[in-house]
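What follows is one structure encoded as structure tokens, with my remarks underneath.
Order of the sequence lines fixes the chain letters, A, B, ..., with proteins taken first and strands second; residue numbering starts at 1 for each chain. Values reported hereafter were calculated over all heavy atoms of this structure, with side chains retained and with hydrogens, waters and symmetry mates removed.
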Number of protein chains: 2
Amino acid sequence: MIQPEHQTTLTEKLGQSGLRATRQRELIYGLLLEQRDHPTADEVYARAKQEMPSISLATVYNCLETLVGCHLVKQVNFERQPTRFCPNLHEHAHFHDEKTGRVYDIDLDDRTLAKLRTVLPEGFEPRAVEINFRGVAAPAKKRATRSATAAR
Amino acid sequence: MIQPEHQTTLTEKLGQSGLRATRQRELIYGLLLEQRDHPTADEVYARAKQEMPSISLATVYNCLETLVGCHLVKQVNFERQPTRFCPNLHEHAHFHDEKTGRVYDIDLDDRTLAKLRTVLPEGFEPRAVEINFRGVAAPAKKRATRSATAAR
DNA sequence: TCGATATTTGGATTCATTCCAAAAACCCAC
DNA sequence: GTGGGTTTTTGGAATGAATCCAAATATCGA
Ligand SMILES: [Mn+2]
Ligand SMILES: [Mn+2]
Ligand SMILES: [Zn+2]
Ligand SMILES: [Zn+2]
């Protein structure tokens, strides 16, 4: 299910933290890579159960937390909604379509990122930036081939 | 407590939605304006009780929701932490000091905002942007006089 | 002042997430 | 390969911010 290249990445990154590459962790990481649509823990749970009916919700939460901790996955929050998970490690923004609920990855070029950092007064040392757009996205057409990729 | 000018704003904005300017709403709006430090509902509740010991937490939540609905106050979320409230209506970003927990308002110039919008592919119509920095801020000195204003 | 309407209130409820302690899986040394 | 120390998984209980509810109050125009 999970590609050998990612398999290696997973094992390595986990190993670096003294953690094991378990069947559950592989499954969940694989699911996130396979369908890069920013699912919630519950959605991941539903998908995981299809492959491994015995998996528990607690394990899904544990695995996701572990993957985030190893920087294999990022978490995304919109307002107070359930946390979503994203395997796109590029520095990117998110667009949340309030009509459909879909989440889109938005690439950020270095130029814009650099510009953005200039808003911080001296003494502010950012370790991360989070940029979330909220609005409506026109029905996808040739969009998937552009820089933004559809997601649920 | 609340300045007459803000009093008017409050009554007007509420009135536009067919809502009443109650004692509780005035108090809470006044508290947010007075100490612009992005307090949580609980913190607002604690402050409110000092002025009005009979006020209930439910009312604080109700009032905050109403103020947000009337665009008199904005809400800010960091990760999964309790929602914070901000009376700064300028389009601005936030800096969350993960060491101290303090939240700083960061002004955004139109130039940067315009640049930021260019990252969106055609068809994406943003109705709001949310920009949150997370990191550490050097101990305040002459910072308060700059564009970023300290907050808890 | 009266009555219709809006608001407040305390308590119960929700629900995503975290915690817990027992069972299972893993891995290395022997 | 087996045993034993360690990690991980698991189901269920607990947490806590936020929401819901229905009864009591307050508000405001007529
Ligand atoms: Mn990319
Ligand atoms: Mn300003
Ligand atoms: Zn993403
Ligand atoms: Zn603010």
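In this structure, the CD atom of B:E65 is 12 Å from the P atom of C:dT7, given to the nearest Å. Taking atom CZ on A:R25 and atom C1' on D:dT7, their separation rounds to 8 Å, with Å as the unit. Atom-to-atom, OH of B:Y61 to P of D:dG16 comes out at 13 Å; the value is rounded to the nearest Å. Nucleotide D:dG11 holds its C1' atom 10 Å from the CG atom of A:L57, rounded to whole Å. Remark: C1' of D:dT19 and OH of B:Y45 are 16 Å apart, rounded to the nearest angstrom. Distance, B:M52 CE to C:dT7 P: 15 Å, rounded to whole Å. Atom P of nucleotide C:dA24 and atom CZ of A:R23 are separated by 15 Å, given to the nearest angstrom. Note: CG (A:N62) to C1' (C:dT18) measures 9 Å, nearest angstrom.
Taking 4.0 angstrom as the limit, A:T83 places a side-chain polar atom (N or O) nearer than this to OP1 or OP2 of C:dT17. The side chain of B:T22 places an N or O atom within less than 4.0 Å of a non-bridging phosphate oxygen (OP1 or OP2) of C:dT8. Not one side-chain nitrogen or oxygen of A:S54 sits closer than 4.0 Å to the OP1 or OP2 atom of D:dT9. Side-chain nitrogen and oxygen atoms of A:Q24 include at least one within less than 4.0 Å of the OP1 or OP2 phosphate oxygen of D:dT10. The phosphate of C:dT7 has neither OP1 nor OP2 within less than 4.0 Å of any side-chain N or O from B:T59. For D:dA18, one of the phosphate oxygens OP1 or OP2 lies less than 4.0 angstrom from a side-chain nitrogen or oxygen of A:R80.
Below the 3.5 angstrom threshold, one finds no donor paired with an acceptor across the side chain of A:R20 and the base of D:dT8.
When each of A:V60 and B:A21 is assigned the nucleotide of DNA chain D bearing its nearest heavy atom, the one mapping closer to the 5' terminus is A:V60.
B:R84 places a side-chain N or O within 3.5 Å of a backbone atom of B:H38 that can act as its donor or acceptor partner. For B:T59 (side chain) and B:I55 (main-chain N/O), no donor-acceptor pair under 3.5 Å exists by modelled atom type.
Side-chain polar atoms of A:H96 and A:H94 form no donor-acceptor pair below 3.5 angstrom. In this structure, a donor-acceptor pair under 3.5 Å is absent between the side chains of B:H90 and B:D105.
Other residues, nucleotides and ligands place more than 12 heavy atoms under 6.0 Å from the CZ atom of B:R80.
Checked against D:dG11, C:dA16, D:dA17, the side chain of A:D42 finds its nearest nucleotide in C:dA16.
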